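Heads up, the thing below is written out as structure tokens.
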Amino acid sequence: MSDTMVLTGLEPVIGLEIHVQLKTRTKLFCGNLNEFGAEPNTHTCPVCLGLPGALPVLNREAIALGVRAALGLHCSVHERSVFARKNYFYPDLPKGYQISQFEEPFATGGYIELPAMTEPVRIRRIHLEEDAGKSLHDRIDRATAVDLNRTGVPLIEIVTEPDLSSAADARDFLVRLRQALEYLDVSDLNMEEGSLRVDANVSVRRPGDPLGTKTEVKNMNSFSNVERAIEYEIARQRRLVSEGGSVYPETLLWDANRGEARSMRGKEESHDYRYFPDPDLPVVEIPDDWLAEIAVSIPEMPWDRVARFQADFGLAREHAEYLTATRDLADYYEATVKAGAPSADAASWTLGEVLKAVKSDEAGDLASLRVTPGLLAGVIVLQNQGRISRPIARQVFAEMLETGRPAEQIVEERGLAQVSDQGALEGWVDQVISANPDAVERIRGGEAKLMGFFVGQVMKLSGGKADPRELASLLKSRLS
Ligand code: ADP
Ligand code: MG
């Protein structure tokens, strides 16, 4: 509990609205490409420009992706939903209205569980809508340019219940939501490019009181900024309310550079938008057989995978969470175990060497890594059998990254196999003993901790190949 909570007795209440661009080939109601970064105003047509007489035609792929997201997030998907016009004027909205869903969204009633919270965070609804265009304030001196390529790009808006009570929980919710959507493969989820956008609704109240007046904070381009913005707004409202003031319902814009949220406009209410069903579009119907078809395409979700990894592979929850952070990583780990690596070793290699390699790689993804799960299992097994030491295994792994060759081959060709032959070991031990008479005297005189020094010297001499167990017993008998 933070100091302000103690001082003011006011608890925060937070609900999130998350816009997610769907990765369809084309826009929601016309055939223009849904593509980020194209030359401005090249992906437009009479439909998305709202020219008179142009009629929207619904993109089936967008519905399918939206339904997949909704099912993955435990929502009920409705057989019938309705597109409505949300009317407002803005330079990036050529039609003067946005096609959205209002009274009858296609999905309601989902949830995500957070380990830190006893109750799940409920998802009130998910609806489909089209994106607006984009105002660009840095293209033309003292003027605003408008790019309408984004106009009509399909979005789902995910609306939570006001179930969150701290900025940290809100962030955790977002991390898990993004992870779930990544598993479901419905969006690029790139916050910098705007394919994932978060609005945070914040209020404070005395515990047990009805909900307080909320503000809505927008314009955060990373999860850390969402967290900072919520923290800022909670602190501001607590100060305000505890000094006897009241919160004005407004929309605030987060300024990350200054670390503050500034008022953009008074909060509009739904009646301001004059919603009405779009007469140009039929009711959306999602028949049972289509729903069933989409349901079978839902992958095992991250929370289920965490539980299974713990149960099947004996992993600690924390490790299971790391390993399931992305679907690719979890697949990679699981394939390594299937290829014969013990699950604990596979976990430490995947979270250690493999992730390090991915991070330092230019392509930066697992798919392009030359060490496939099968190859990784190979090096792990060699080490487990005692054929190579851990340092040698690391060296072999580095070479596998370069060449994509199997560990067995590298060990064979470069003579890296561990040496447990007594004659060879004795040769190295003799050399080290005669080169370090002082140390020999001291260890015989009782300085037991010098053993590490001798082991290290022999290892160095042997190029890391001396069998550590054989070496330890040999050194013991020679130095006592
Ligand atoms: P509006 O009609 O103003 O958009 P909604 O009831 O549709 O408000 O809720 C929008 C979002 O705000 C939801 O995520 C909801 O959980 C959240 N919310 C609603 N009331 C509050 C409140 N008093 N404090 C914080 N969040 C709230
Ligand atoms: Mg709203």
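Every value quoted in this text rests on a predicted model; they were computed, and no experiment measured them. The first residue of the sequence shown is numbered 1, and numbering continues consecutively from there. Indexing begins at 1, ligand by ligand and atom by atom, following the structure's order.
- With hydrogens and angles ignored, the 3.5 Å screen pairs a side-chain donor or acceptor of K27 with a backbone N or O of N149.
- Looking at N201, T215, V247, it is N201 that brings a heavy atom closest to atom 17 (C) of ligand 1.
- Geometrically, K86 does not engage Y275 in a cation-pi contact, judged by NZ or CZ lying under 6.0 Å from the ring centre and within 45° of the ring axis.
- Sorted by first and then second residue, the pairs that involve residues 44-66 and meet side-chain hydrogen bond (donor to acceptor under 3.5 Å, both in side chains), not counting sequence neighbours, are T26-N59.
- Judged purely by atom type and a 3.5 angstrom limit, D188 has no side-chain atom pairing as donor or acceptor with the backbone of N190.
- For W254, the side chain to side chain donor-acceptor pair (under 3.5 Å) test picks out N225, with sequence neighbours left out.
- Listed by atom number, the atoms of ligand 1 under 4.0 Å from V13 heavy atoms are 24 (N), 25 (C).
- By the criterion of a heavy-atom distance under 4.0 Å, neither the backbone nor the side chain of D163 is placed next to ligand 1.
- Taking a cut-off of under 4.0 Å to the non-hydrogen atoms of S203, the atoms of ligand 1 that pass are 22 (C), 23 (N), 24 (N), 25 (C).
- Atoms of ligand 1 lying under 4.0 Å from any heavy atom of P162, numbered from 1 in the order shown and given with element: 16 (O), 26 (N), 27 (C).
- Those atoms of ligand 1 that come under 4.0 Å of a heavy atom in R124, given as number and element, are 5 (P), 6 (O), 7 (O), 9 (O), 15 (C), 16 (O).
- For T160, a nitrogen or oxygen atom sits less than 3.5 Å from a nitrogen or oxygen atom of ligand 1, counting backbone and side chain alike.
- Taking any N or O of G212, backbone or side chain, at least one lies under 3.5 Å from an N or O belonging to ligand 1.
- Atoms of ligand 1 found under 4.0 Å from any heavy atom of V159, numbered from 1 in the order shown, are 13 (C), 14 (O).
- Atoms of ligand 1 lying under 4.0 Å from at least one heavy atom of L16, given by number and element, are 14 (O).
- For K214, a nitrogen or oxygen atom sits less than 3.5 Å from a nitrogen or oxygen atom of ligand 1, counting backbone and side chain alike.
- Close approach to E161 involves these atoms of ligand 1, each under 4.0 Å from a residue heavy atom: 16 (O).
- In this structure, R122 is not positioned above the aromatic face of Y111 in the sense of NZ or CZ being under 6.0 Å from the six-membered ring centre and within 45° of the axis.
- Although no hydrogens or angles enter the test, the distance criterion places no donor-acceptor pair under 3.5 Å between the side chain of E79 and the main chain of E285.
- Looking at T160, its side chain does come within 3.5 Å of a backbone N or O of L16 through a donor-acceptor pair.
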